[in-house]
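Please read all numbers here as calculations on a predicted model, not as lab measurements. These numbers come from the heavy atoms of this one structure, side chains and all, not from hydrogens, waters or symmetry mates.
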Amino acid sequence: MKLRTALLATLILSGCQNLSHQDDRALTASEPIKSPQVSKKLHKKHASRFLFNDDQLDESTDTGNLWVRISDDMQLDFPDNQRIRQQRATILRSDNHLATIASRAEPYLYLIVEEIERRGLPMELVTIPMIESMFDPHARSRSNAVGLWQFVPQTGRNFGLRHDSWYDGRRDVLASTNAALDYFEYLNRFFDGDWLQTIAAYNAGEGRVRNAILRNQKRGRPTDYWSLDLPRETRMYVPKVLAMADVLSNPEKYNVTLPTLANEPRLRVVNTEGQIDLHVAAQLAGLRPADLKEVNPALSRWTTSPKGPYRLLVPVEYADSLELALADLPKRERIPTRSYRVVSGDTLSRIAMQNGVSVNQLKVANNLRGNTLRRGQTLAIPSDGKPVAAAPAVRQPQSKPTRIAATTGSKRHYKVRSGDTLWNISRAHGVTHGELAKWNGLNAKSALKPGMQLVIWPKSAASRDKSMIYQVRRGDSLSSIAARFQVAVVDVMRWNQLDKSGYIKPGQELTLFVNNNS
């Protein structure tokens, strides 16, 4: 997403500040201020473009602690004045504040650090989602600012973030991060390289900061950030960012223990090449749909948008399985359908509205060229993201016994250790982040402390203990079979000792272990 300075210089921008008034960021000048009194901090110049791609996200610079990498990349110099000390004291006052941020940031932080580094921007910008939303991609302010970076609708649209009933780009971690960094680059050019004025303008709007500079210029006063007459919130906003950066850079100095985060990606981008139901994608990957949706917060339904983007963030350990399965998944099986019989008085628009889909989706799903329907006609209704019924049962095997459940789902206890987060504990025990929180009376703001006892209910194998034989038909693929019976491709390969090519042929018999309720 390239930022076109000439175009943006004429836009009326409304801002995306933390959690209060956010409609004050109007562009009130057509050209950036050029003044010798505006401080100039040199920073690396580069092209602004969307570069969260598979190659980038697969690489890890080195092993170690991600917090150390963040600390090493901090660039801004600032005085330790009273405003910064006040904000630092507020941050350090709560034992759970930083632990909560770290837990929420864990899946996404590496990706954001990578993009900030690639652009050569100050790593202090990584604290903006901590200040704006406490790293909650679902955060929404009173002014309808949404996501990690708290974009209001108009500013989001100005920077390419689409918002509809399927998808909200402001909650898309990749897209919103690129948009926010584009916005920062624009503001930094507007303020001639002064990063403190840039950060202030992200909160208050460039027009307000510009006017404060002009007032000081007319009165012969300094125009650095610390000398500007700005709203109280903005006067505290920049010190809050700098104080957070200071704490992250000097945890030992302030007696802060940050949970260790590995300096490697937790998520990887998988290109889906089209719309796909999250339940189908999760089954192909071998993880729970709730886990997949949790790390793709931009999706408002249980399916990707028909308009794209056609990509998913997937935990790295499942990404290969999903890519392999998608390679031969027939297009018709990406979005499950259900049947609807046309009755007298029906119209395409009425049927579409009743089923939460568009008229165009109905036409595409049923190869319709016009709007004419006939009574008794059967239509395929594309899924709106809700689970669909399982496939009909196939014949039971004659010689293979029913598999015995390996576990009973008995309650277990886990003692929290230093560096643990709800995310890594849930992944290690094969449950979702939300389930773990619910079982222990925790919420999104809860933090873990070493020594805390957690209750965990492992998934019972009894829910998938019926074996059956499926005979491969012409046109079948591993991914289509796995999707039909709601199992993972990797499990089908393991149960039948198939090689990595996944080759199957018509007439071949496959053993499947499916849900008892199928």
Side-chain angles (χ1 to χ4, degrees), residues 270-289 292 302-304 310 312 318 320-341 361-368 377-383 385-403 461 463-518:
V270 172
N271 293 315
T272 61
E273 307 298 337
Q275 188 183 19
I276 191 167
D277 185 279
L278 290 188
H279 297 85
V280 172
Q283 291 155 12
L284 298 178
L287 74 163
R288 280 171 292 279
L292 190 58
W302 286 85
T303 185
T304 59
Y310 302 129
L312 290 171
Y318 298 98
D320 285 342
S321 295
L322 180 55
E323 287 180 335
L324 174 66
L326 285 174
D328 61 354
L329 179 67
K331 185 176 180 180
R332 66 180 181 277
E333 296 183 13
R334 289 172 172 265
I335 304 293
T337 60
R338 58 186 182 278
S339 297
Y340 177 83
R341 185 175 294 276
Q361 285 177 282
L362 277 181
K363 287 185 173 182
V364 171
N366 294 276
N367 295 319
L368 299 177
Q377 180 179 357
T378 299
L379 297 179
I381 308 295
S383 170
K386 297 178 182 178
V388 295
V394 296
R395 70 180 180 86
Q396 297 295 324
Q398 301 299 315
S399 57
K400 296 183 182 288
T402 299
R403 187 177 65 165
S463 63
R464 180 164 287 163
D465 62 358
K466 184 173 66 176
S467 67
M468 56 181 58
I469 297 297
Y470 177 80
Q471 189 172 53
V472 177
R473 294 173 292 186
R474 187 177 301 278
D476 275 345
S477 65
L478 276 182
S479 55
S480 67
I481 295 170
R484 188 176 307 153
F485 295 102
Q486 302 183 29
V487 295
V489 170
V490 290
D491 286 336
V492 178
M493 295 175 69
R494 177 168 53 84
W495 295 332
N496 294 277
Q497 298 182 336
L498 301 177
D499 60 30
K500 292 183 178 180
S501 69
Y503 174 75
I504 54 176
K505 59 185 178 180
Q508 181 177 349
E509 291 189 341
L510 298 178
T511 299
L512 305 176
F513 294 98
V514 299
N515 194 292
N516 258 330
N517 298 321
S518 296

> Is the backbone N or O of Lys505 less than 3.5 Å from a side-chain atom of Gln508, with the two atoms forming a donor-acceptor pair by type?
Replying inline: yes
>> Is there a side-chain contact between Gln275 and Thr303 in this structure, where contact means two heavy atoms from C-beta onward sitting under 4.5 Å apart?
In response: yes
> Looking only at heavy atoms, what is the nearest atom pair of Pro330 and Ser477, with distance?
Replying inline: CD-OG, 3.8 Å
> Do you know the tightest heavy-atom contact between Tyr503 and Leu498?
Replying inline: O-CD2, 4.4 Å
> Any sub-3.5 Å donor-acceptor pair from Asp277's side-chain atoms to His279's backbone N or O?
Replying inline: yes
> Distance from Glu509 atom CD to Ile504 atom CD1, nearest 0.5 Å?
Replying inline: 13.0 Å
> How long is the gap from CG on Leu278 to OG1 on Thr304, to the nearest 0.5 Å?
Replying inline: 7.0 Å
> Less than 4.5 Å apart, any side-chain heavy atom of Val280 and any of Arg334?
Replying inline: no
> Roughly how far, to the nearest 0.5 Å, is CG of Leu512 from OH of Tyr470?
Replying inline: 9.0 Å
> So do Leu362 and Leu368 actually touch side chain to side chain, heavy atoms under 4.5 Å?
Replying inline: no
> Can Leu510 and Ile469 be said to form a side-chain contact (heavy atoms from CB on, under 4.5 Å), step by step?
Replying inline: CA-CA 6 Å; Leu510 298 178; Ile469 297 297; over 6 Å; no
> Does Thr272 have any side-chain hydrogen bond (donor to acceptor under 3.5 Å, both in side chains) partners at least two apart in sequence or in another chain, and if so, which?
Replying inline: none
> With sequence neighbours excluded, what pairs up with Ala281 under the side chain to side chain contact (heavy atoms under 4.5 Å, CB included) test?
Replying inline: Ile276, Leu292, Leu312, Leu322
> Roughly how far, to the nearest 0.5 Å, is the CD atom of Glu273 from the CD atom of Glu323?
Replying inline: 10.0 Å
> Could you give the distance from CD1 (Ile335) to CD1 (Ile381), rounded to the nearest 0.5 Å?
Replying inline: 14.0 Å
> Quick one: side chain to side chain contact (heavy atoms under 4.5 Å, CB included) partners of Thr378, sequence neighbours excluded?
Replying inline: Ser339, Arg341
